[in-house]
Amino acid sequence: MRTLFVSSAETGVPLRYPIHIGSNLLAKTSELVDLKNFSKIVVVADEKLVNSSLTDLKNGLPKGAAVLKVTGSENEKKLTSVESVWKFFSKNHLDRNSLVFTLGGGALGDMAGFAASTYMRGISYIHVPTTLVSQVDASIGGKVGVNFAGVKNLIGSFHHPHAVIIDPATLKSLPAAEFISGFGEILKHGLIKDAEYFEVGSSMLHPTPDTPQLEELIARSCKIKSDVVCADPFEKGARKLLNFGHTVGHALEALALESEEPLLHGEAVGLGIIVESAISIKKGLLEDKYLEIIISSLKTVGLPTKISSAIDYDAAIEKMLLDKKNRGGSIRCVLLKEIGEAVYDVEVSAEEVKSAMEILH
Ligand SMILES: NC(=O)c1ccc[n+]([C@@H]2O[C@H](COP(=O)([O-])OP(=O)(O)OC[C@H]3O[C@@H](n4cnc5c(N)ncnc54)[C@H](O)[C@@H]3O)[C@@H](O)[C@H]2O)c1
Ligand SMILES: [Zn+2]
């Protein structure tokens, strides 16, 4: 087992919580976290994990923790789900000294974390992420929220977890495409911050949960994400770098949610990375040769690099303009300068985005 700390003293925002990473950790939860000072402990769990990770987690908790089983999916990342969680909290008489465990992927973690962040103006929660996207990215940084009015994460807050417990063994039951989706975030971390990490990630041919370096990859991503978050906890500046691939990616993900053709979060991010890299080249920031390298890295890990159906460019641009990061009629992107170096807040016209998106056909 290894433990990293999300910790920032310098920014004036006191922030410190552990990320524990290791196989078969869930049954040891009470050894990892001091639980005795919490008045009540409850779990919001993905119903798919009832016979596996939930049993392990319950073995690691004091007896009697109530469990709410929910559907953990992007479709359920909405306000009505939050309301069900609030009802569960109040039915179980949670008070400001209570603790909530979220057990599931990024969609459940964002939704239940948001419920915890707003219940009684914010109670403690611990993320126990069970997908690769959530282990390498979503569970760290305190961004919680739900989709609203067709826009990703339109309603949300910053509320950091009390701790994060990552057990890579939980990934074994993930469908292959869901597992590979995590590589969208892993490659993003390398592209914005660490060229050597990008090389490591992009040399992995169709990785699986049995890939030996997996725990090391998770730890490296957690470190990159937590360093960026600590330097800028409320996304006033450099934290925006983590949105690389997401301006276009979130628009594609939101459009897919309204259609019959699903697109996983990391897949959408991968496609967004291609388009935003192409824009970086058009803007003269990135050398041409890198586009092929980036596309081939996505192919190597098994992420899609094309979209087979027609893309409604205008609808995608509309989504980007509605994105909270782009308010004011302009689209702002994170663009690449090098592998491992990115810049944020670059204004890009709708025409530039549309023409770069053609690369996805
Ligand atoms: N808060 C953040 O900083 C942040 C960062 C990245 C992504 N996100 C969000 O995370 C979401 C994507 O998360 P995701 O990729 O984890 O998808 P997800 O949460 O939708 O989960 C994917 C699927 O896997 C299932 N599942 C979860 N764990 C499983 C397991 N161990 N075995 C079998 N099935 C399992 C879920 O039920 C679901 O069907 C998006 O909403 C995205 O916006 C948030
Ligand atoms: Zn993401």
Side-chain angles (χ1 to χ4, degrees), residues 6 26 44-54 56-57 69-78 81 102-114 117 125 127-148 151-154 156-161 164 166-189 192 209 221-222 225-226 228-229 233 235 239 241-254 256-257 262-273 303 323 334:
V6 178
L26 304 193
V44 180
D46 188 317
E47 63 196 1
K48 287 191 186 131
L49 304 174
V50 166
N51 296 320
S52 50
S53 309
L54 179 60
D56 293 337
L57 179 61
K69 293 163 198 158
V70 299
T71 307
S73 77
E74 197 63 31
N75 277 317
E76 296 302 317
K77 189 172 151 178
K78 57 186 181 190
S81 308
T102 75
L103 177 72
L108 182 150
D110 282 9
M111 182 280 289
F114 178 66
S117 84
Y125 71 99
H127 272 322
V128 185
T130 61
T131 62
L132 191 57
V133 165
S134 56
Q135 295 193 349
V136 298
D137 199 306
S139 60
I140 302 152
K143 273 191 185 179
V144 288
V146 292
N147 305 328
F148 189 72
V151 182
K152 289 268 306 168
N153 307 328
L154 193 61
S157 56
F158 285 102
H159 186 57
H160 287 273
V164 181
I166 297 178
D167 183 344
T170 61
L171 302 175
K172 289 187 194 286
S173 55
L174 263 189
E178 295 284 1
F179 177 77
I180 296 296
S181 173
F183 277 79
E185 303 285 12
I186 287 174
L187 294 177
K188 174 197 80 177
H189 290 147
I192 59 167
S221 267
C222 287
K225 174 126 189 202
S226 80
V228 173
V229 165
E235 201 167 303
R239 183 172 176 169
L241 293 176
L242 292 166
N243 298 322
F244 180 55
H246 284 65
T247 300
V248 172
H250 270 164
L252 295 173
E253 192 184 3
L257 213 55
L263 190 60
L264 304 179
H265 180 72
E267 295 175 342
V269 170
L271 296 168
I273 284 175
L303 282 166
D323 188 314
V334 177

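Computed over heavy atoms, backbone and side chain alike; hydrogens, waters and symmetry mates excluded. Order of listing sets the numbers, starting from 1, for every ligand and every atom in it.
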Enumerate, atom names and distances included, each donor-acceptor pair closer than 3.5 Å involving a side-chain atom of residues 169-182, sequence neighbours excluded.
from, atom 1, to, atom 2, distance (Å)
Thr170, OG1, Gln135, NE2, 3.2
Thr170, OG1, Asp167, O, 2.7
Lys172, NZ, Asp210, OD1, 2.8
Ser181, OG, Gly266, N, 2.9

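- Taking CD from Glu76 and NZ from Lys78, the interatomic distance works out to 4.5 Å, rounded to the nearest 0.5 Å.
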Step-by-step side chain to side chain contact (heavy atoms under 4.5 Å, CB included) determination, Asn147 to Leu257: CA-CA 11 Å; Asn147 305 328; Leu257 213 55; 4.1 Å; yes
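- With atom 2 (C) of ligand 1 as the reference point, the heavy atom nearest to it among Ala254, Ser52, Ala138, Pro262 is part of Ala138.
- Regarding atom 6 (C) of ligand 1, its nearest protein heavy-atom neighbour is Glu185 OE2, 3.5 Å.
- Close contacts between ligand 1 and Lys152 involve ligand atoms 40 (C), 41 (O), 42 (C), 43 (O) [criterion: under 4.0 Å to a heavy atom].
- At least one N/O-N/O distance between Lys48 and ligand 1 falls below 3.5 Å.
- Interface atoms of ligand 1 facing Glu178, defined by a heavy-atom separation under 4.0 Å, are 22 (C), 23 (C).
- With Ala177, Ala45, Ser173 as candidates, the residue nearest to atom 33 (C) of ligand 1 on a non-hydrogen basis is Ser173.
- Proximity of Asp46 to ligand 1, defined as any heavy-atom pair under 4.0 Å, is confined to the side chain (atoms from C-beta onward).
- The distance from the OG atom of Ser226 to the CD1 atom of Ile140 is 6.5 Å, given to the nearest 0.5 Å.
- In this comparison of Gly109, Ser53, Gly156, Gly106, the heavy atom closest to atom 17 (O) of ligand 1 sits on Gly106.
- From Ile192, atom CD1 reaches atom CG of Leu187 across 11.5 Å, with rounding to the nearest 0.5 Å.
- Around the Zn ion (ligand 2), the protein atoms of type N, O or S that sit closer than 2.8 Å are Glu185 OE2, His246 NE2, His265 NE2.
- Under the 4.0 Å criterion applied to side-chain N and carboxylate O atoms, Glu235 and Lys143 are assigned as salt-bridge partners.
- Contacts between His127 and ligand 1, counted as non-hydrogen atom pairs separated by less than 4.0 Å, are absent for every part of the residue.
- The ligand atoms of ligand 1 that sit less than 4.0 angstrom from a heavy atom of Lys225 are 3 (O).
- Backbone and side-chain nitrogen or oxygen atoms of Leu171 are examined, and none is located within less than 3.5 angstrom of a nitrogen or oxygen of ligand 1.
- Here Thr131 pairs with Ser134 under the side chain to side chain donor-acceptor pair (under 3.5 Å) rule; sequence neighbours left out.
- Nearest to atom 16 (O) of ligand 1 by heavy atom, out of Asn75, Asp137, Thr131, is Thr131.
- With a 4.0 Å cut-off on non-hydrogen atoms, Asp110 touches ligand 1 through its side chain and not its backbone.
- In terms of protein heavy-atom proximity, atom 7 (C) of ligand 1 is nearest to His265 NE2, 3.4 Å.
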Would you sort out whether Ile186 and Leu132 count as a side chain to side chain contact (heavy atoms under 4.5 Å, CB included), showing the intermediate values? CA-CA 9 Å; Ile186 287 174; Leu132 191 57; 4.1 Å; yes
Checking side chain to side chain contact (heavy atoms under 4.5 Å, CB included) for the pair Leu271/Leu263: CA distance, chi angles, key distance, verdict? CA-CA 10 Å; Leu271 296 168; Leu263 190 60; 4.0 Å; yes
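- Ligand 1 has no nitrogen or oxygen under 3.5 angstrom from a nitrogen or oxygen of Glu253.
- From the protein, the heavy atom lying nearest to atom 19 (O) of ligand 1 is Ala107 N, 2.9 Å.
- For Asp110 (side chain) and Val144 (main-chain N/O), no donor-acceptor pair under 3.5 Å exists by modelled atom type.
- With sequence neighbours excluded, no residue forms a side chain to side chain donor-acceptor pair (under 3.5 Å) with Ser53.
- You'll find the ring centres of His127 and Tyr125 inside the 6.0 Å limit.
- Protein heavy atom at the shortest distance from atom 24 (O) of ligand 1 is Leu174 CD2, 3.9 Å.
- With a heavy-atom cut-off of 4.0 Å, Leu49 touches ligand 1 through its side chain alone.
- When each of His250, His246, Glu74 is paired with Lys152, the side-chain hydrogen bond (donor to acceptor under 3.5 Å, both in side chains) condition holds for Glu74 and for no other.
- Within the listing of ligand 1, atoms 36 (C), 37 (O), 38 (C), 39 (O) sit less than 4.0 angstrom from a heavy atom of Gly72.
- For atom 28 (N) of ligand 1, the closest non-hydrogen atom of the protein is Thr130 OG1, 2.8 Å.
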For Leu103 and Leu26: C-alpha separation, side-chain torsions, deciding distance, then whether side chain to side chain contact (heavy atoms under 4.5 Å, CB included) applies. CA-CA 10 Å; Leu103 177 72; Leu26 304 193; 4.3 Å; yes
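- Annotation: the span from Leu49 atom CG to Leu57 atom CG amounts to 10.0 Å, rounded to 0.5 Å.
- Looking at atom 41 (O) of ligand 1, its nearest protein heavy atom turns out to be Glu74 OE1, 2.5 Å.
- Considering backbone and side-chain atoms together, Ser181 places no N or O closer than 3.5 Å to any N or O of ligand 1.
- Contact between Asp137 and Lys225 at its shortest, heavy atoms only, is OD1-NZ, 2.6 Å.
- Among all protein heavy atoms, the one lying closest to atom 1 (N) of ligand 1 is Lys143 O, 2.9 Å.
- Considering backbone and side-chain atoms alike, Lys77 places an N or O below 3.5 Å from some N or O of ligand 1.
- Between the NZ atom in Lys188 and the CG atom in Leu242 there is a gap of 5.0 Å [rounded to 0.5 Å].
- Between Val136 and His189, the closest heavy-atom pair is O-CE1, 3.2 Å.
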